[in-house]
Number of protein chains: 2
Amino acid sequence: MKTIKEIAQEANVSEGTVDRVLHNRGGVSKKTEEKVRAIIKEYNFSVNPVASALALKNKFNIAVLIPAHNKSDLFWKSPNLGITKAAEDIKTFGTQVQTLTYNQQKPESYINTFHELLKSNPSAFIIAPSFSEETRNIVAILDDKKIPYLFLNIEIEGFNNLSFVGQDSFTAGYIAAKLMLSKTTESSEFLIIQSRKNITNNNAVFKRIEGFTNYFVKNEIPCKILTLEIESQDSKTLRKTKINTYLNNHPDIKGVFVPSSRIHMLVDCMADTYLKTLELIGFDNTPQNIECLKNNSVSFLISQKPFNQGYNAVKLMNDYLVKNNIPSHKIYLPIDILIKENVIYNENSY
Amino acid sequence: MKTIKEIAQEANVSEGTVDRVLHNRGGVSKKTEEKVRAIIKEYNFSVNPVASALALKNKFNIAVLIPAHNKSDLFWKSPNLGITKAAEDIKTFGTQVQTLTYNQQKPESYINTFHELLKSNPSAFIIAPSFSEETRNIVAILDDKKIPYLFLNIEIEGFNNLSFVGQDSFTAGYIAAKLMLSKTTESSEFLIIQSRKNITNNNAVFKRIEGFTNYFVKNEIPCKILTLEIESQDSKTLRKTKINTYLNNHPDIKGVFVPSSRIHMLVDCMADTYLKTLELIGFDNTPQNIECLKNNSVSFLISQKPFNQGYNAVKLMNDYLVKNNIPSHKIYLPIDILIKENVIYNENSY
DNA sequence: TATTTTTGTGTGTGCGCACACGAAATGTGT
DNA sequence: ACACATTTCGTGTGCGCACACACAAAAATA
């Protein structure tokens with residue numbers, strides 16, 4: 001394998017000049033450039049990627065801003081693991097990754113954590129934008145400082161984000177509806193359960209609901225779709241009565257759709273008779289949700305490749321920083337359909 | 001990331017001593033060795049593989065032996081893409097990847113291509129062992145030369161392979177049966193179509209069939225399962241008559257299971273009436289198969305993450321060569337359930 | 001022609017590690 | 001006490017590249 005040094009000798013120029021030609025840095029006379037290019041071509045030369053990687057070290061640091069996970073909502077653990085794994089992989093490029101988490105219930109936490117990250121002057125940001133309004137302010141700062149940023153998991157429009165990595169939530173909801181109907185008769189009612197906060201704030205949840213209802217419209221299925229709002233601060237007893245009385249009052253309900261990762265909480269609240277008769281469909285293969293799949297209370301989970309979301313986002317950003325690869329504007333990861341039998345092969349990300 | 005230099009400072013020794021400890025070169029007093037080891041452990045230190053590769057002028061090369069793809073069977077294109085992508089990623093470690101493909105119909109081709117690869121003295125092999133018997137001979141050579149190897153996509157037992165990367169074919173078949181029944185009534189007959197060659201030679205196909213039939217046994221579903229053998233060398237007209245007469249003679253058949261990636265060929269042969277009434281389930285999201293999903297002739301495809309199979313296999317082997325990471329003996333990738341609606345997000349690997 | 005600006009080119013240093021070489025510390029025998 | 005062997009340890013160099021810096025030649029300006 002030729003080296004830059006050898007190419008330089010061959011062309012009677014210095015290594016620096018070859019370097020300039022190779023990286024299109026400019027400042028090389030036309031004549032010498034041509035000469036160097038000819039020799040590069042002649043030997044089909046390309047730089048030693050090992051040496052290159054070593055020399056490029058310690059240049060960039062990526063800041064990651066995502067929600068925290070806790071016992072009742074483990075979802076974000078998995079993207080976090082993906083991020084950590086990617087961080088490990090790109091250490092060889094000297095890229096550092098700093099991840100901080102915020103409280104998904106508190107917009108202030110989102111803002112504060114962002115500013116905390118900003119202190120270390122990151123070369124780029126990866127953000128899960130749970131709060132649409134607050135994101136506007138955050139992004140204004142980044143745009144001003146010309147710091148590139150990418151959205152993770154939650155898709156919002158109208159920003160200069162480098163890319164989005166996540167799921168097509170609309171279609172995911174659409175698929176949920178299709179799966180729901182594959183198991184039930186046509187003349188039924190269906191119930192969507194979700195907190196008000198999520199419906200208005202969380203764009204992914206909103207789109208899933210849109211997709212779900214759209215399936216009925218598009219296929220002209222005359223089923224009634226009801227909505228029940230359960231707030232996250234409600235006590236368990238309150239939730240229980242709310243849900244069970246609602247189901248009791250609507251005996252035609254044949255299936256329940258939960259457009260978030262918290263379906264296990266509802267399973268926890270529902271009376272056994274409902275668990276046996278109703279079709280339940282929810283999102284994300286968190287350990288608790290998997291348990292619901294295994295004990296037959298939930299029929300399907302739709303998973304959004306949480307691990308890969310984190311992993312890909314970080315690698316994408318690194319490729320952008322290090323190699324100047326511009327990613328596609330939207331990267332939709334597969335919509336996984338999980339059932340009792342295949343869920344174990346998707347478990348390892350928690 | 002810590003460096004040897006930093007570890008040395010911390011331990012009040014020279015870099016040389018740390019190097020000696022790291023590589024068990026000996027010539028270090030017990031006391032200092034312990035001190036150094038303690039600090040290495042404390043920081044969970046490991047050498048920068050890139051710098052290491054540069055200093056060593058590492059020249060690992062991984063040989064990859066997989067089936068070729070052609071217009072009628074595109075399956076292997078996708079693992080190949082994954083392999084190429086991984087090859088790009090691991091260039092930074094100085095590892096080269098050489099991929100050669102063989103004719104899946106001809107065992108000689110398998111053997112010959114193997115020997116072709118062997119010529120360049122590879123540090124390791126990645127093999128898709130389509131032919132069980134021939135693999136025995138191949139592996140004997142590798143064992144003799146102490147060249148590590150791992151199996152890709154097709155799982156066979158009784159070898160010293162470093163690892164296996166692929167799918168749990170039995171469960172995949174099991175899931176196919178479950179999906180089949182979600183769409184049909186209980187008192188039906190089902191048909192498995194496959195070539196004799198594949199059933200006896202290709203272990204993945206064999207296991208899928210096992211899993212499929214096992215579902216009926218385990219759940220005590222009294223359906224009759226029939227098998228029709230179609231040889232790949234049969235002409236299209238012959239296939240057409242074979243299939244359609246068979247279906248005609250067995251009017252109770254409600255679903256057809258094709259345990260290979262060639263379901264599109266059967267769709268091509270089946271009369272329209274059958275396409276409309278029968279449930280078809282096959283494997284792999286090749287472009288032709290996706291087309292069948294989109295035009296509603298096929299209900300489900302089961303996908304085995306072909307791209308990731310290739311990608312992971314190569315990266316795993318590289319980690320083994322470069323960092324001495326020993327992988328798990330079996331790495332089962334997710335069993336993807338594909339339907340019309342989510343298939344587009346799995347399309348990009350072809 | 002003298003002086004400033006622009007353009008073109010070479011040199012030096014560091015990235016983190018592997019390994020050769022040589023120096024110091026310790027041990028052995030007389 | 002000495003000379004000498006052996007064990008233990010530190011230093012220096014190179015792997016190939018990226019990039020900052022210095023410097024010379026050419027062009028532009030006065």
Side-chain angles (χ1 to χ4, degrees), chain A residues 1-37 39-40 43-61 88 90-96 123 318 321-324, chain B residues 1-37 39-40 43-60 90-96 321-324:
Chain A
M1 208 177 190
K2 288 262 173 207
T3 68
I4 285 188
K5 198 172 168 185
E6 292 172 297
I7 298 294
Q9 282 170 352
E10 195 88 17
N12 284 319
V13 295
S14 71
E15 301 179 41
T17 301
V18 177
D19 174 74
R20 276 182 276 270
V21 173
L22 280 172
H23 297 86
N24 302 308
R25 297 192 210 281
V28 181
S29 76
K30 218 171 177 179
K31 215 170 11 170
T32 53
E33 171 159 1
E34 275 169 15
K35 189 170 54 177
V36 172
R37 282 205 193 285
I39 295 183
I40 288 174
Y43 292 109
N44 198 6
F45 170 83
S46 63
V47 297
N48 178 335
V50 179
S52 177
L54 185 60
L56 277 169
K57 260 191 97 59
N58 278 337
K59 291 266 172 293
F60 301 110
N61 57 327
E88 195 62 36
I90 64 175
K91 264 188 188 171
T92 59
F93 297 101
T95 305
Q96 307 255 331
S123 341
N318 183 60
L321 294 173
V322 175
K323 310 179 193 166
N324 241 314
Chain B
M1 208 179 187
K2 287 263 172 206
T3 67
I4 285 189
K5 197 172 168 185
E6 291 172 295
I7 298 294
Q9 282 171 352
E10 195 87 19
N12 283 318
V13 296
S14 73
E15 301 178 39
T17 302
V18 176
D19 174 73
R20 276 181 276 270
V21 172
L22 280 171
H23 296 87
N24 302 308
R25 296 193 209 281
V28 181
S29 76
K30 217 170 178 180
K31 214 170 17 174
T32 51
E33 170 159 1
E34 275 169 15
K35 189 169 56 178
V36 172
R37 283 207 192 283
I39 294 182
I40 288 174
Y43 293 109
N44 198 7
F45 170 81
S46 63
V47 297
N48 179 334
V50 174
S52 179
L54 182 61
L56 284 170
K57 297 230 274 176
N58 249 358
K59 270 273 165 267
F60 289 120
I90 64 175
K91 266 191 186 167
T92 57
F93 298 102
T95 306
Q96 306 243 330
L321 294 173
V322 174
K323 309 179 194 167
N324 241 314

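Excluded from the calculations below are hydrogen atoms, water molecules and symmetry mates; all remaining heavy atoms, backbone and side chain alike, are included. Numbers restart at 1 for each chain; the letters A, B, ... are given by sequence-line order, proteins then strands.
Between the CD atom of B:Glu15 and the P atom of C:dG22 there is a distance of 20 Å, rounded to whole Å. Across the protein-nucleic acid pair, A:Asp19 atom CG and D:dC21 atom C1' stand 14 Å apart, rounded to whole Å. Separating the CD atom of A:Gln9 from the P atom of D:dC17 is a distance of 12 Å, rounded to the nearest angstrom. Atom-to-atom, CG of A:Leu22 to C1' of D:dG16 comes out at 12 Å; the value is rounded to the nearest Å. Computed from coordinates, the B:Ile4 CD1 to C:dG16 P distance equals 11 Å when rounded to whole Å. The interatomic distance linking B:Phe45 (CZ) with C:dG16 (P) rounds to 10 Å, in whole Å. Going from atom CD1 of B:Ile7 over to atom P of C:dC17 covers 9 Å, rounded to whole Å. Rounded to whole Å, atom P of C:dG14 lies 17 Å from atom CG of B:Leu54.
Look at B:Lys57 and you'll find a side-chain N or O under 4.0 angstrom from OP1 or OP2 of D:dG16. Between B:Ser29 and D:dC9, a side-chain N or O to OP1/OP2 separation shorter than 4.0 Å is present. Side-chain nitrogen and oxygen atoms of A:Ser52 include at least one within less than 4.0 Å of the OP1 or OP2 phosphate oxygen of D:dA18. Distances shorter than 4.0 Å separate some side-chain N or O of B:Thr32 from OP1 or OP2 on D:dC9. Regarding contacts with the backbone of D:dC15, every side-chain N or O of A:Thr3 stays at 4.0 angstrom or more from both OP1 and OP2.
No salt bridge links B:Glu34 with B:Arg37; every basic N to acidic carboxylate O contact stays at or beyond 4.0 Å.
For the atom pair CD1 of B:Ile39 and CG of B:Asn44, the computed distance is 14.0 Å after rounding to the nearest 0.5 Å.
In this structure, the nucleotide among C:dG16, D:dA18, D:dG10 sitting nearest to the side chain of A:Val47 is D:dA18. Taking the side chain of B:His23 as heavy atoms from C-beta on, and the options D:dC19, C:dG16, C:dA18, the nearest nucleotide is C:dA18.
The 5' end of DNA chain D is approached more closely, in terms of each residue's nearest nucleotide, by B:Ser14 than by the other of B:Ala55 and B:Ser14.
Residue side chain A:Arg20 reaches the base of C:dG10 through a donor-acceptor N/O pair under 3.5 Å, judged by distance alone.
With no hydrogens or angles considered, a side-chain donor-acceptor pair links B:Glu10 and B:Tyr43 at under 3.5 Å.
A:Phe45 does not carry A:Lys2 over the face of its six-membered ring by the limits of under 6.0 Å from the centre and within 45° of the normal.
When every heavy atom of B:Gly26 is checked against every heavy atom of B:Arg20, the shortest pair comes out as O-CD, 3.7 Å.
The residue A:Val13 sits close only to the backbone: its heavy atoms come under 4.0 Å of sugar-phosphate atoms, none of a base.
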